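Encoded as structure tokens, the structure appears first; notes follow it.
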Amino acid sequence: MLEFTLRRITATIPVLLGIIFVIFSVLYLIPGDPAEAIAGPRANKAAIERIRKEMGLNQPYHIRLITYVKKVISGDLGNSVITGRPVLKSICEKLPYTLKLACIAMIVSVVLGILIGIISAITRGTLIDRFCTILSVTGISIPVFLSGLVFLYIFAVKLKWLPASASSPLMLKNPILAFVLPAFTLGIRSAAFLARIVRSSMIEVLNQDFIRTARAKGLSPWRILFRHGLFNALIPVITVIGLDLSSYLNGSVIIETIFDLPGIGRFAMDAILKRDYPIIQGVILIGALVFIIVNLIMDLIYAWINPKIREEMMGKSAA
């Protein structure tokens, strides 16, 4: 397992370097002069040239690329053009909000998704199964911004049970309350999709021969369901969970805007509107790094759950 882990970590290094190259190149190839966009339409040529020099835009492409890669490797993501603050420091200040949102949303998604999926699988073809299917399809179909506004109106405006934003007076009593509505809004759609995956995966596993053998041996239904059924149905479920977690951390712009959370998503949106290119590069890079780490963790969990997957991956690497 240790050798497998080291190989997977080593394999992520060229991927990360390729992502750094793409991030830098895409912003470099964008039409127009970033210095003019940052300086504004009323800036004179001297101000534009000063910005170009500060950002290194007057240097050749390959020199700028090498310099950028060296800075990223050393942990320097540059400074914000608007505020002048280090990009990495600003991201570290915003990241805890998004991490809390993602973790709570993931708990909501996993608990509800697996529970509804299991109930739907063991009651296949009944009214309960149909009701769970309707819930899942409805949850997948409703856009996040719509469900967020509905929950905000009901629980924050009308009932006043939860704060409407991070600046609400209720936050002074319990700061975690500000994450309940946005996390539930973000997690419920993933829970609906996860429930469909769990249902189909559980039905497939419960029809396998080893499940029939376990029943013939007289094992308890709960042990068959959870120890043999759910455990062997986790591979596609873990894939969905990993992708959802990455999307929470990289795509929470709408939720953070609706509920006024000062997280990474809102921070990135403000940078895009202000054309603060160093922040845009830094946020994209951190998001890509999170995606790589999550996928690495998912691979390790696959290998732990099913040793055959580890042996296959090790065989391919050796070949």
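Predicted model, so just to flag it, every value in this text is computed and none were measured. All heavy atoms count here, side chains included; hydrogens, waters and symmetry mates do not. FYI, the numbering just counts along the sequence from 1.
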To the nearest 0.5 angstrom, please state how far the [atom1] atom of [X] sits from the [atom2] atom of [Y].
X	Y	atom1	atom2	value
Leu127	Cys132	CG	SG	11.0 Å
Met202	Ile119	CE	CD1	11.5 Å
Gln208	Ile203	CD	CD1	12.5 Å
Asp270	Lys94	CG	NZ	8.0 Å
Leu181	Leu101	CG	CG	11.5 Å
Phe267	Leu261	CZ	CG	15.5 Å

With clusters defined by side-chain heavy atoms of hydrophobic residues (ILVMFWY) lying less than 4.5 Å apart, directly or transitively, does Ile140 cluster with Phe131?
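Per the 4.5 Å side-chain linkage, Phe131 and Ile140 are not co-clustered.
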Shared hydrophobic cluster, Ile66 / Val72 (ILVMFWY, side-chain heavy atoms < 4.5 Å)
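As far as the 4.5 Å side-chain criterion goes, Val72 and Ile66 are not connected within one cluster.
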When Arg199 is tested against each of Asp129, Ile122, Thr123 for side-chain contact (heavy atoms from CB on, under 4.5 Å), which residue passes?
Asp129
For the side-chain contact (heavy atoms from CB on, under 4.5 Å) test, which of Ile258, Val253, Ile254, Asp260 pairs with Arg266?
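Exactly one candidate clears the test, Asp260.
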Tell me every residue that passes side-chain contact (heavy atoms from CB on, under 4.5 Å) with Val111, counting only those two or more places apart in sequence or in another chain.
Ile107
For Thr83, enumerate each residue passing the side-chain contact (heavy atoms from CB on, under 4.5 Å) test, keeping only those at least two apart in sequence or located in another chain.
Ser80, Arg85
Looking at side-chain heavy atoms only, is the closest gap between [X] and [Y] below 4.5 Å?
X	Y	result
Ile264	Ile91	yes
Met106	Val110	yes
Tyr97	Glu256	no

